[in-house]
Participant: 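Submitted below is the structure of interest, expressed as structure tokens.
Letters go in sequence order (proteins before strands), and every chain restarts at 1.
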Number of protein chains: 2
Amino acid sequence: MTRPSDITRDRIMRAAERLFAERGYDHTSIRAIVAKARVNQAAINYHFDGKDGLYREVLRSAFRALTEGQTSHAAEIKALSRERALAEFVRYQLRGLLQRDELTRPIRIFNWETVRPTAVFRELLSQEVAPFMGLATDIISRFMPAADQRTLTLAAIWLVGQCGVFVRNRERLAGPPMSLQLDEAAIEQLAELVSGWAIAGLGSHA
Amino acid sequence: MTRPSDITRDRIMRAAERLFAERGYDHTSIRAIVAKARVNQAAINYHFDGKDGLYREVLRSAFRALTEGQTSHAAEIKALSRERALAEFVRYQLRGLLQRDELTRPIRIFNWETVRPTAVFRELLSQEVAPFMGLATDIISRFMPAADQRTLTLAAIWLVGQCGVFVRNRERLAGPPMSLQLDEAAIEQLAELVSGWAIAGLGSHA
DNA sequence: GCCAAATTCAAACGAGGGTTTGAAAAAAGG
DNA sequence: CCTTTTTTCAAACCCTCGTTTGAATTTGGC
């Protein structure tokens with residue numbers, strides 16, 4: 001693991017993860033990556049077989065970081081009452097609003113993919129989207145036990161959407177003209193508001 | 001208006017609007033635009049002072065198309081009961097799911113801007129975002145008359161978010177593994193579901 | 001019909017992108 | 001230690017991009 005070549009590989013991964021999260025795939029040049037990682041330009045092709053290969057690795061790593069956290073909490077969430085489970089889910093989604101970069105970087109990378117999915121991403125998505133949406137659908141189904149599959153799916157998307165809009169527009173909401181304060185306490189309040197609205201909305205169908 | 005030079009200008013605008021909507025700013029080359037418009041490459045610099053200038057014009061046109069439709073309906077929406085107003089708002093937002101390109105093209109252009117706002121867009125946004133969010137906030141305030149400004153703003157974003165997630169992911173939702181049917185009838189159903197959930201959610205605070 | 005202005009055109013420019021190359025350096029194995 | 005393999009390196013290659021150029025053509029007012 002500490003072989004010299006692995007050190008180079010690791011430096012590239014760290015730099016690439018930061019830059020891809022910050023600027024997205026297109027606006028990140030391999031020259032910028034190697035400058036930040038302080039390695040030779042050809043090293044990316046040597047270790048990752050090109051920019052696409054590097055991005056694939058970064059995406060995989062981001063997927064792991066996200067779903068790992070998600071599934072580890074999934075079990076305890078399922079043990080809660082449906083209301084508290086949904087509230088916890090919302091809070092978990094909204095954690096992307098925090099500036100703690102270790103957590104938000106994977107989220108930001110996926111945000112780029114929301115609008116322009118790269119080919120690399122589509123490939124990964126088909127394998128990994130199931131557990132990602134599965135938890136949401138599971139929670140929803142406890143509010144709408146009689147609903148058909150289509151409605152459950154739509155409701156799950158609906159739930160994810162009302163959280164994601166805040167995460168995706170974080171920077172814009174923080175600035176004028178909205179100027180929303182988004183510290184830890186404010187996010188907690190927001191999570192309560194959103195989960196309250198969502199629970200009441202779904203409750204009408206119970 | 002039918003001067004020869006205006007014809008060239010118009011052909012460029014049409015082609016650019018289509019391509020920007022389809023691929024976004026970065027992935028649309030002026031060579032692709034002039035090929036589709038069947039004009040000379042230098043014409044873009046002559047008529048629009050470069051790619052940025054052309055994009056600015058396309059954005060302006062898209063803004064006009066969207067807010068014009070929005071504000072024209074805003075008046076009649078405000079005359080409705082709060083529940084019907086919200087339902088109408090949701091239906092209006094979800095019209096982006098339709099494949100009728102005259103309507104969806106401006107929406108798609110703005111979708112690109114959601115994740116990576118261009119400098120051109122930021123400039124326009126500061127002038128025009130107010131009426132865009134104003135209607136949402138107005139409807140919301142009828143459900144939460146006692147709420148503070150911050151809560152109203154958050155609720156407006158929340159409302160827009162739960163509509164936008166469907167529009168933004170339309171193509172992905174239509175394909176596997178979701179494979180959601182999204183014809184006119186299905187969208188109508190979806191609008192009813194979403195507005196029903198939203199109304200019930202906000203109703204809890206009334 | 002003429003002339004000045006506006007418009008079109010083909011070609012080239014320069015910057016920036018990802019990738020390739022082939023030799024030099026370092027690491028690993030016997 | 002010597003050999004073989006792995007890894008690094010600077011340089012160049014080739015492509016696409018937005019823009020510029022300067023001449024040719026068309027347009028519009030007199």
Side-chain angles (χ1 to χ4, degrees), chain A residues 1-59 109 112-113 116-123, chain B residues 1-59 109 112-113 116-123:
Chain A
M1 203 1 161
T2 49
R3 273 167 44 217
S5 71
D6 284 336
I7 291 176
T8 299
R9 208 188 131 94
D10 194 55
R11 285 157 70 127
I12 294 173
M13 278 290 282
R14 287 175 189 274
E17 190 194 12
R18 279 176 167 74
L19 289 174
F20 281 138
E22 198 174 313
R23 313 179 191 175
Y25 180 86
D26 289 323
H27 288 77
T28 302
S29 69
I30 66 166
R31 282 175 173 83
I33 296 173
V34 299
K36 195 177 190 71
R38 288 190 300 191
V39 300
N40 186 269
Q41 194 173 158
I44 287 182
N45 284 281
Y46 181 79
H47 286 280
F48 297 95
D49 196 35
K51 187 186 180 184
D52 275 24
L54 171 59
Y55 188 62
R56 176 175 290 109
E57 282 311 303
V58 171
L59 269 187
I109 290 177
W112 298 115
E113 298 288 349
R116 169 170 280 286
T118 60
V120 176
F121 182 74
R122 286 183 197 272
E123 180 191 319
Chain B
M1 205 359 164
T2 50
R3 275 167 42 216
S5 70
D6 285 335
I7 292 176
T8 299
R9 208 188 130 94
D10 194 54
R11 285 156 70 123
I12 294 174
M13 277 290 281
R14 288 175 190 274
E17 191 194 12
R18 279 176 166 72
L19 289 173
F20 281 138
E22 198 175 313
R23 313 179 190 174
Y25 180 85
D26 290 322
H27 286 78
T28 301
S29 68
I30 66 165
R31 282 174 173 83
I33 295 173
V34 300
K36 195 176 190 72
R38 287 188 303 191
V39 300
N40 185 270
Q41 193 173 155
I44 287 183
N45 284 281
Y46 181 78
H47 286 281
F48 298 93
D49 194 36
K51 186 186 179 183
D52 276 24
L54 171 58
Y55 187 62
R56 176 175 290 109
E57 281 312 303
V58 171
L59 269 187
I109 291 177
W112 298 116
E113 298 287 349
R116 170 172 278 288
T118 60
V120 176
F121 182 74
R122 286 182 196 273
E123 182 190 319

Participant: Which value, rounded to the nearest 0.5 Å, describes the distance between I109(B) atom CD1 and R18(B) atom CZ?
Facilitator: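 Nearest 0.5 Å value for the CD1-CZ distance: 11.0 Å.
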Participant: Can you say whether a donor on the side chain of R31(B) sits under 3.5 Å from an acceptor on the base of dG18(D), or the other way round?
Facilitator: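 Side chain to base: pair found, below 3.5 Å.
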Participant: Strictly by side chain to side chain donor-acceptor pair (under 3.5 Å), give each pair with a member in residues 25-39 of chain B just once, sequence neighbours left out.
Facilitator: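 Sorted pair list: D26(A)-H27(B), H27(A)-D26(B), R116(A)-H27(B), Y25(B)-D52(B).
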Participant: Which residues in residues 39-50 of chain B have a heavy atom closer than 4.0 Å to any atom of DNA chain D?
Facilitator: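 Within residues 39-50 of chain B, the residues near DNA chain D are Q41(B), A42(B), N45(B), G50(B).
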Participant: Please report the distance, rounded to the nearest Å, between CG in D26(B) and P in dG16(C).
Facilitator: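 So the CG-P distance, D26(B) to dG16(C), works out to 16 Å.
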Participant: Can you see if the side chain of T8(B) gets near the phosphate of dT8(C) - specifically, an N or O under 4.0 Å from OP1 or OP2?
Facilitator: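 For dT8(C), OP1 or OP2 has a side-chain N or O of T8(B) closer than 4.0 Å.
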Participant: Would you say that H47(A) contacts L54(A) through its side chain, given a criterion of any heavy-atom pair below 4.5 Å between the two side chains?
Facilitator: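 They are not in side-chain contact.
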Participant: What integer distance in Å separates I12(B):CD1 from dC9(C):C1'?
Facilitator: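 The distance from CD1 of I12(B) to C1' of dC9(C) comes to 13 Å, rounded to the nearest Å.
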Participant: Would you kindly give the CZ-to-C1' distance between R11(B) and dT8(C), to the nearest whole Å?
Facilitator: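 My rounded result for the distance is 12 Å.
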Participant: If I take atom OH in residue Y55(A) and atom P in nucleotide dT19(C), what distance separates them, rounded to the nearest angstrom?
Facilitator: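 Rounding to the nearest Å, OH of Y55(A) and P of dT19(C) are 15 Å apart.
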Participant: Between atom CD1 in I33(A) and atom C1' in dG16(C), what is the gap in whole Å?
Facilitator: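 One finds 15 Å between C1' of dG16(C) and CD1 of I33(A), rounded.
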Participant: Working to the nearest 0.5 angstrom, can you tell me the gap between F20(B) CZ and K51(B) NZ?
Facilitator: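 One finds 5.5 Å between CZ of F20(B) and NZ of K51(B).
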Participant: Separation of I7(A) atom CD1 from dA26(C) atom C1', in whole Å?
Facilitator: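 For the pair I7(A) CD1 and dA26(C) C1', the rounded distance is 13 Å.
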Participant: Nearest whole Å is fine: how far is dC17(D) P from L19(B) CG?
Facilitator: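 In whole Å, dC17(D) P and L19(B) CG are 12 Å from each other.
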Participant: What is the distance from atom CZ of F48(B) to atom OH of Y55(B), rounded to the nearest 0.5 Å?
Facilitator: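 Going from the CZ atom of F48(B) to the OH atom of Y55(B) covers 14.5 Å.
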Participant: Nearest 0.5 Å please: distance from the CG atom of N45(B) over to the CD1 atom of I30(B).
Facilitator: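 CD1 of I30(B) is found 6.0 Å from CG of N45(B).
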Participant: Once you round it to whole Å, what is the distance between P of dA11(D) and CD1 of I30(A)?
Facilitator: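 Atom-to-atom, I30(A) to dA11(D), this comes out as 16 Å.
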